[in-house]
Protein chains: 2
Amino acid sequence: MSSRAAAPSLFDDVDTPVAKKKTAKKKAARKKAAAKPAKKARPAAAERPKAAPRRASADTMAARQREISVSEFFTKNRHLLGFDSPLKAILTAVKEAVDNSLDACEEAGILPEITVEISPTGEKTFLVAIEDNGPGVVDTQIGKIFGKLLYGSKFHKLSQSRGQQGIGISAAGMYGQLTTGKPMRIRSRAGKRRQPVEFLLSIDTSKNKPEIHKSEVVEWDKAHGTRVEIEMEGRYQKGQRSVDMYLKQTAIANPHLTLHYVDPGGEKVTYERNTKELPPETVEIKPHPHGVELGRLIALLKETNARSLSGFLREEFSRVGPKVAKDIIHKAGKGLTEKSYPTRIAREEASALHKAIQETRISAPSTDCIAPIGEELILKGLRKEIEADFYVASQRPAAVYRGNPFQIEVGIAYGKPGGVGLELTDEGRIQKRKEKVEATEDLVGSADEPARIMRFANRVPLLYQQSACAITKGVIQTNWRGYGLQQPRGALPIAPMAILVHIASVWVPFTSESKEAIASYPEILKEIKLGLQDCGRKLGTYIRKGKRLKREFEKRSYIEKYIPHIGIALQEILDLTDPQRDSTVSTLEDVLHRSRKF
Amino acid sequence: MSSRAAAPSLFDDVDTPVAKKKTAKKKAARKKAAAKPAKKARPAAAERPKAAPRRASADTMAARQREISVSEFFTKNRHLLGFDSPLKAILTAVKEAVDNSLDACEEAGILPEITVEISPTGEKTFLVAIEDNGPGVVDTQIGKIFGKLLYGSKFHKLSQSRGQQGIGISAAGMYGQLTTGKPMRIRSRAGKRRQPVEFLLSIDTSKNKPEIHKSEVVEWDKAHGTRVEIEMEGRYQKGQRSVDMYLKQTAIANPHLTLHYVDPGGEKVTYERNTKELPPETVEIKPHPHGVELGRLIALLKETNARSLSGFLREEFSRVGPKVAKDIIHKAGKGLTEKSYPTRIAREEASALHKAIQETRISAPSTDCIAPIGEELILKGLRKEIEADFYVASQRPAAVYRGNPFQIEVGIAYGKPGGVGLELTDEGRIQKRKEKVEATEDLVGSADEPARIMRFANRVPLLYQQSACAITKGVIQTNWRGYGLQQPRGALPIAPMAILVHIASVWVPFTSESKEAIASYPEILKEIKLGLQDCGRKLGTYIRKGKRLKREFEKRSYIEKYIPHIGIALQEILDLTDPQRDSTVSTLEDVLHRSRKF
């Protein structure tokens, strides 16, 4: 049914993407030739509309079939990778490079220090440069890592990392190449005992292979690290979805990072690290048996080295010991024993095994493969970057979707001058805060606007496609009215509030390759909501207390206002002197103050 | 900066995905060995946190680098292809197969007749079968078309088709294989003079290559056509995003299609074709010069067969004749002449040429590459499937985004019993309609619900990710209050209304590979809004007329109510007889009726 195909013996030699242009004329001639005989092979006349002549046959269609290189695919579909507008392109390039730098530093146990520089090179073009102090890239691999899509180390292992696809940084280079025609420049040094090298490279998109224009040993005063430079068409702008915002949020979620940023205007900002402790090293895990599909199980059975079924189950999966293996095999039946030879197990038996696995209780995956940020550091990050009245954070226990462990963390910063919970703040503090608040306005929003959401996946801020993200859905589906906030139906709560949600997982299910939003797996959505409720309850207590205090405050001022009048009335009734009256008034005020816990 | 890489001489031989499992143990041993020397190559002590020991070096990281096959990538990211839930999986598979069938029939000039059957095979598994009367697939190509991702004929050409990526149907087979372990079954006959063949095939995901288990000549009473059978895990359910809804909408957008559907309960539905005319054959076009990026221009200059710059511009692009070519070259300057040899043009000159192209007036792309549905057929389709009070359709002229021609069509069906514009419909009609309305309730929605949107791209209904789609954004950003409808801020209008929007283009920019939503290119969004406004104005006139009539109707009934009392009053004052009174009353009623245009 698909796009039809054919006569490969005839066309195979010329129909490769490389030969494409060279043979355009020949092909046109052939097409004409092919069209003629096709006319004879027309379908039964009854089925054919009169107006429409025979257009093409299975054979003529087949002549057009060919392979599509993954680079060609993503060049044409570059919006899938986050390169759909000049504004977004710069952000995406910075993000991909910074993600890689952070991953590499953590993997190597180096406290990361990263410099991002964006400088205009023309009316609509910018040079984007990212430099890190990471472990560097071995020179023989530089080509593939930066000049080939779908190449990397993180795809095949189950452990938490920012990158996972092996696409990002090569795609950024490809976009630069497409819009400016210029190759990317990579400088790297893989440790003190190696020479620093510099590469000029681009991607041969029809083959998805690196094209290295130049590679040479250079001078560099760094002991180790990598610098990537890409010139690309772009537009720079501050605001909600800017590079500035991305870097600010990256600093919040990565308190161990020191980040320097030089914007296109030449202004420099530095985010100093909050802690000298690296996130705990995450462990690579094996898949959990409950997440494996039947087809995958069959493939694993075929590929395994294990010589017994029991051994297979214990070696290929996490959380399966001898007892669990025995249970599963027993449940499966079909003549399977612990000693059955894995590669000889047929589909029927594999299917029974698969069913048995689903029915057996197996402990949840271990969570040392996940490195959450932690409540303390989330609070620290929020306090550092956002001025608010109330902060709360909450960490959920690890959970599992489709066999992949994940963990949700939530933080909330609430209230600011002019906002709700603020009536009692003294003037001095308000003034001092106002300045800081103005600087972080974009993170919290004002009192009559929807709450701002900061979304993170494996410590990476997500700035685009907010409405398509499970995190946003979680916030919308939480009942914020129960916590004393306004919330229109089916919408975000209205409050001067920033909500931070972080998902850490060995495999974050993004809704697209550009990694901008998280797919709404039910397990993930549930955990997000539970985390939000945790924080929401504490926020509710605070808000209710604030409202109660506010009411008390109003009552007190109301009574205070009348106390002098009561004094005058008493004076008249009891014939008091003026000092007697004043002393009565101040006694009354005293009583009032003591009676109200203020 | 990416995931680091290394020592390829040592690992290259074993680190292919195929050898992966076999060498797991060896690798573990090597990793241990590699970890030791790495410890010596640690970075300067000052940079290293005390708590974290050296974790990995550029070399140990390099040992893990490897290529990711596109099939592996999409197996792990199968939600990108629309296989993220059992419910959606069946719909996606049906959709991919039907799209291909329709494309092939149109390309071959055959009036399509397609049968979709879904039958349960187990508790959670279904057999999905799609059979067409298309031109068939030549047997030598069946493997690649159904067993390889990124293979097809539609990707490299600029013409309107439903499929464009060469992923869909293979991905459906891959999902079946993953969830049930069973291969897909393909039967095809490429014309009367060929034997019908049947293939059993699956995909080798680590290599992205077809694995053919069986292929044989079979008996089949069809002269030409293809049948695809895939068994997969799934869940079946009727409703908004069901296979039923997809097929119903497909019938609306493809009036030339006869469609049979057998649902899992065994119920049969047939949608008969509305017209015997195939959509006009679309022409393949060359790229428009205004849409070409500098990098692409440089690549084209290198690859061309043309021997002069003028020839290059005329041959490789649409809408460039000798005069336009001359203009461009003249504007570019830099010593370029019409006779410059294309392959010798350097980056600097290419850049000037690129700039000159953008600055030269070139006619818009021709639009014979686009086959819109047409206002008439849209109205016919809406009337056939939806019972409403008012129908309107509008077709925008073709426009261009990023060099790709596209065209927007809009249709609206408005009002139904109990809805706004309906007060004047007589009882009989209401009753008759009620039944039909109930049957199409899900297409229109009720009066106090948001309008329903039917989104189509190249005649394919889009059922998922509505909120991420440019069409939805267009509807939300249109001011429906101006047309007399309610509309909450930033939301869909509230009305018993179905809005159909169709985008036809040589390249529809989807937000993901699963082709569920259209990316919001500004040009596309603008055209959508203009189309909606077109229909909206006419709807507004209708609604205002309805409202005026309603007011008149109210006034009339009010006056009518008092005419008898006036009669009695007149009788008393003028001393009329009862017949005189009655005749006066009826005269008054007559006058009232005549005075109001009703």
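Chain identifiers are assigned alphabetically (A, B, ...) following the order of the sequence lines, protein sequences preceding nucleic acid strands; residue numbering begins at 1 within each chain.
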Q. Minimum heavy-atom separation for B/Leu294 to A/Thr179, with atom names?
A. CB-O, 3.5 Å
Q.
Need one label for B/Pro112: side chain, backbone, both or neither, based on atoms under 4.5 Å from any heavy atom in chain A.
A. neither
Q: Could you list the residues that satisfy side-chain contact (heavy atoms from CB on, under 4.5 Å) with B/Asp103, not counting sequence neighbours?
A: B/Lys154, B/Ser161, B/Arg162
Q | Euclidean distance, A/Gln465 CD relative to B/Ser512 OG, rounded to 0.5 Å | A | 9.0 Å
Q) B/Arg296 side chain to A/Gly181 main-chain N or O, any donor-acceptor pair under 3.5 Å? A) no
Q: Nearest 0.5 Å please: distance from the OH atom of B/Tyr151 over to the CZ atom of A/Arg66.
A: 10.0 Å
Q. So does B/Lys355 have more than 12 non-hydrogen atoms from other groups sitting under 6.0 Å from NZ?
A. no
Q | Nearest heavy-atom neighbours spanning B/Gly136 and A/Ala58 | A | O-CB, 3.4 Å
Q: Test B/Glu293 against A/Glu233 for side-chain contact (heavy atoms from CB on, under 4.5 Å), laying out the working first.
A: CA-CA 10 Å; B/Glu293 299 88 354; A/Glu233 204 179 292; 5.9 Å; no
(Q) Looking only at heavy atoms and a cut-off of under 4.5 Å, which of A/Asp99, A/Asn77, A/Leu178, A/Thr511 has the most pairs with chain B? (A) A/Leu178
Q) Given a strict heavy-atom distance threshold of 4.5 Å, which part of A/Lys148 is in contact with chain B: side chain, backbone, both, or neither? A) side chain
Q. What residue, out of A/Lys182, A/Glu113, A/His354, has the most heavy-atom pairs lying under 4.5 Å from chain B?
A. A/Lys182
Q. Where does A/Leu297 contact chain B at under 4.5 Å (heavy atoms): side chain, backbone, both or neither?
A. neither
(Q) Using 0.5 Å steps for rounding, measure from the CG atom of B/Leu149 to the CD1 atom of A/Ile68. (A) 10.0 Å
Q. Among A/Glu513, A/Glu106, A/Gln177, A/His256, which has the most heavy-atom pairs under 4.5 Å with chain B?
A. A/Glu513
Q.
How long is the straight-line distance from CD of B/Glu107 back to OG1 of A/Thr60, given to the nearest 0.5 Å?
A. 7.0 Å
Q) Do you know which of A/Pro509, A/Ser202, A/Ser85 has the most heavy-atom pairs under 4.5 Å to chain B? A) A/Pro509
**Q.** Part of A/Pro522 lying under 4.5 Å from any heavy atom of chain B
**A.** neither
Q.
Counting heavy-atom pairs under 4.5 Å with chain A, which one of B/Leu80, B/Val70, B/Ile298 comes out on top?
A. B/Leu80
Q. Given the rule in the salt bridge (charged side-chain N to carboxylate O under 4.0 Å, His left out) test, do A/Asp84 and B/Arg402 qualify, once you have shown the distances and angles that lead to the verdict?
A. CA-CA 11 Å; A/Asp84 36 347; B/Arg402 231 178 65 196; over 6 Å; no
Q. For B/Phe510, does its backbone N or O pair with a side-chain atom of A/His79 as donor and acceptor, under 3.5 Å?
A. yes
Q: Let me know if A/Arg189 has heavy atoms under 4.5 Å from chain B in its side chain, its backbone, both or neither.
A: neither
